[in-house]
Amino acid sequence: MRLLLTGAGGQLGSEIARLVAGLNEKRARARVALLALDHSSLDVSSRDQVLSAVLSFEPDVVIHAAALTAVDSCELEPERAYSVNALGTRNVAEAARLNGSHLVYLSTDYVFDGRASRPYLEWDEPAPISVYGRSKLGGERELDGSHTVIRTAWVMGRTGSNMARTVLRLGRQTRGELRFVDDQRGSPTVASDLAAKVLELATARRPGLFHVTNQGEATWFEVARQIMAAAGLDKGRVVPISTGELDPPRPAARPANSVLENAALRLSGDELLPDWRESLDRLVAEIA
Ligand SMILES: NC(=O)c1ccc[n+]([C@@H]2O[C@H](COP(=O)([O-])OP(=O)(O)OC[C@H]3O[C@@H](n4cnc5c(N)ncnc54)[C@H](OP(=O)(O)O)[C@@H]3O)[C@@H](O)[C@H]2O)c1
């Protein structure tokens, strides 16, 4: 199988590349030929670059993990957000169509407004409340139903900018209290678990929309406490605040509830990802 990966330098992309390298070592036959393109080797907002990369490599499958993921930057720079997240996905979809590749697009829990009092299903109506959410939903709409859309949430990995790395840094370098919001609920997800399921769905070319997150739900306050405890630090230093108490306030609105029910996987009888606490403890041990 020939696999082209965009956003290969990101949290998810780097885990997918690691996983493929590991699988190739184990299985000399049935190897995956991977072209892992990070931002410096492919800018998805350039139609010419995308067409040239895809049409020259001729992948069977494209995993499109590149995105502008900084939610507040998207709010401040909407043109950039749309050119990467929405138009960039149009470019990748066009190239995949011309080459006959199966396309897997990564999307987000932030396509929902967060007003539901239960977890969101794949079949619930999106209603994004931020530029990031709207631009990622724009990307979803560039794919037809024969391809794969995977919505995930609250991703934390070994690299990049994420909650696990932030809490560990603050926990070790400061002494005072650490304030985290307790009124936003979501589905914490560890990048390596997500990468394995993305690769599974991609190689099987499973069509349709899937929510893929670790199981269980939490607020950021609960996630921060779990990280401190897993690192052997004092979780009592983590103090709950409301979103309204954030100083300074964040430019982009966040959904109060963006818990994703992994209904499509569950109802199909597919194995679900482990509970977030188990995977996060493992991640903290790896980072430490
Ligand atoms: N992180 C989360 O909590 C989260 C939650 C829900 C959904 N998702 C989705 O999951 C996917 C993977 O996210 P992630 O956590 O791996 O994010 P990430 O670590 O920010 O990785 C995204 C990568 O895309 C690259 N990129 C940005 N603009 C680009 C462009 N114009 N062309 C090519 N590459 C570009 C970035 O490179 P530079 O940093 O060098 O610009 C970065 O390496 C994304 O589609 C994201 O929307 C993420």
Side-chain angles (χ1 to χ4, degrees), residues 4-19 36-50 53-54 62-74 77 79-92 95 103-112 120 126 128 130-140 142-143 148-166 184 186-195 197-199 202 209-214 218 220 223 252 254-255 258-260 276 280 283:
L4 186 147
L5 171 67
T6 73
Q11 297 193 87
L12 173 64
S14 57
E15 290 296 343
I16 291 176
R18 258 175 84 108
L19 203 58
L37 298 171
D38 65 12
H39 194 171
S40 64
S41 9
L42 174 67
D43 177 353
V44 296
S45 64
S46 159
R47 180 170 173 264
D48 287 348
Q49 283 187 31
V50 172
V54 172
V62 175
I63 299 180
H64 176 33
L68 195 60
T69 57
V71 178
D72 292 319
S73 305
C74 288
E77 295 180 80
E79 297 264 305
R80 210 172 132 223
Y82 280 102
S83 72
V84 177
N85 295 344
L87 192 67
T89 305
R90 175 174 299 183
N91 295 335
V92 176
L103 175 57
V104 179
Y105 169 63
L106 270 297
S107 188
T108 171
D109 53 334
Y110 282 17
V111 298
F112 294 115
Y120 284 94
S130 64
V131 169
Y132 173 69
R134 284 193 284 276
S135 64
K136 292 292 296 182
L137 180 62
E140 287 188 13
E142 299 294 341
L143 277 75
T148 312
V149 175
I150 297 176
R151 288 193 193 129
T152 189
W154 294 26
V155 178
M156 293 172 273
R158 276 177 271 238
T159 59
S161 152
N162 64 58
M163 183 70 162
R165 284 164 48 95
T166 301
Q184 292 170 25
S187 304
T189 303
V190 170
S192 54
D193 288 352
L194 172 63
K197 186 59 81 177
V198 169
L199 202 54
L209 171 60
F210 294 88
H211 288 173
V212 179
T213 62
N214 279 117
W220 287 118
V223 172
R254 268 78 168 166
S258 64
V259 178
L260 298 181
W276 68 270
L280 187 55
L283 174 67

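Indexing begins at 1, ligand by ligand and atom by atom, following the structure's order.
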**Student:** So which heavy atom in the protein is nearest atom 10 (O) of ligand 1, and how far is it from that ligand atom?
**Tutor:** Leu106 CB, 3.8 Å
**Student:** Any N or O on His39 sitting closer than 3.5 Å to an N or O of ligand 1?
**Tutor:** yes
**Student:** Hey, which atoms in ligand 1 end up nearer than 4.0 Å to a heavy atom of Trp154?
**Tutor:** 3 (O), 5 (C)
**Student:** Looking at atom 33 (C) of ligand 1, what's its closest protein heavy atom, distance included?
**Tutor:** Leu42 O, 3.0 Å
**Student:** Are any of the side-chain heavy atoms of Leu106 and His64 separated by less than 4.5 Å?
**Tutor:** no
**Student:** Count the heavy atoms of every other residue, nucleotide or ligand shown that sit under 6.0 Å from CZ of Arg90, and state whether that count exceeds 12.
**Tutor:** no
**Student:** Under 3.5 Å between any N/O of Asp43 and any N/O of ligand 1: does that happen in this structure?
**Tutor:** yes
**Student:** Of all the atoms in ligand 1, which lie at a distance below 4.0 Å from a heavy atom belonging to Ala153?
**Tutor:** 5 (C), 6 (C)
**Student:** Is any side-chain heavy atom of Thr152 closer than 4.5 Å to a side-chain heavy atom of Leu260?
**Tutor:** no
**Student:** Is there a nitrogen or oxygen of Leu12 sitting under 3.5 Å from a nitrogen or oxygen of ligand 1?
**Tutor:** yes
**Student:** Quick check against the 3.5 Å criterion: does Ser258 have a side-chain atom that pairs as donor or acceptor with the backbone of Pro255?
**Tutor:** no
**Student:** Got a sec, which residues hit side-chain contact (heavy atoms from CB on, under 4.5 Å) with Arg165, two or more places apart in sequence or on another chain?
**Tutor:** Asn162, Ile287
**Student:** Starting from atom 13 (O) of ligand 1, find the nearest protein heavy-atom neighbour and note its residue, name and distance.
**Tutor:** Thr69 CG2, 4.0 Å
**Student:** Work out whether the distance between some heavy atom of Ser107 and some atom of ligand 1 is less than 4.0 Å.
**Tutor:** yes
**Student:** With the threshold set at under 4.0 angstrom, would you say Ala65 reaches ligand 1 through any of its heavy atoms?
**Tutor:** yes
**Student:** Among all the protein's non-hydrogen atoms, which is closest to atom 32 (N) of ligand 1, and how far away is it?
**Tutor:** Val44 N, 2.9 Å
**Student:** Could you check whether any heavy atom of Val84 sits closer than 4.0 Å to an atom of ligand 1, since that is the contact criterion I want to use?
**Tutor:** yes
**Student:** What's the shortest distance from atom 21 (O) of ligand 1 to any protein heavy atom, and which residue and atom give it?
**Tutor:** Gly10 CA, 3.3 Å
**Student:** So, is Gln11 polar-close to ligand 1, with some N/O to N/O distance under 3.5 Å?
**Tutor:** yes
**Student:** Indicate yes or no: does an N/O atom of Lys136 lie under 3.5 Å from an N/O atom of ligand 1?
**Tutor:** yes
**Student:** Can you check whether Tyr120's main-chain N or O pairs, donor with acceptor, with His211's side chain at less than 3.5 Å?
**Tutor:** yes
**Student:** Any carboxylate oxygen within less than 4.0 angstrom of a Lys/Arg side-chain nitrogen, looking at Asp109 and Arg254?
**Tutor:** no
**Student:** Can you find an N or O of Val155 that's nearer than 3.5 Å to an N or O of ligand 1?
**Tutor:** yes
**Student:** Would you mind checking which non-hydrogen protein atom is closest to atom 27 (C) of ligand 1, with the distance to 0.1 Å?
**Tutor:** Ala67 O, 3.3 Å
**Student:** Nearest protein heavy-atom contact for atom 47 (O) of ligand 1: which residue, which atom, what distance?
**Tutor:** Tyr132 OH, 2.7 Å
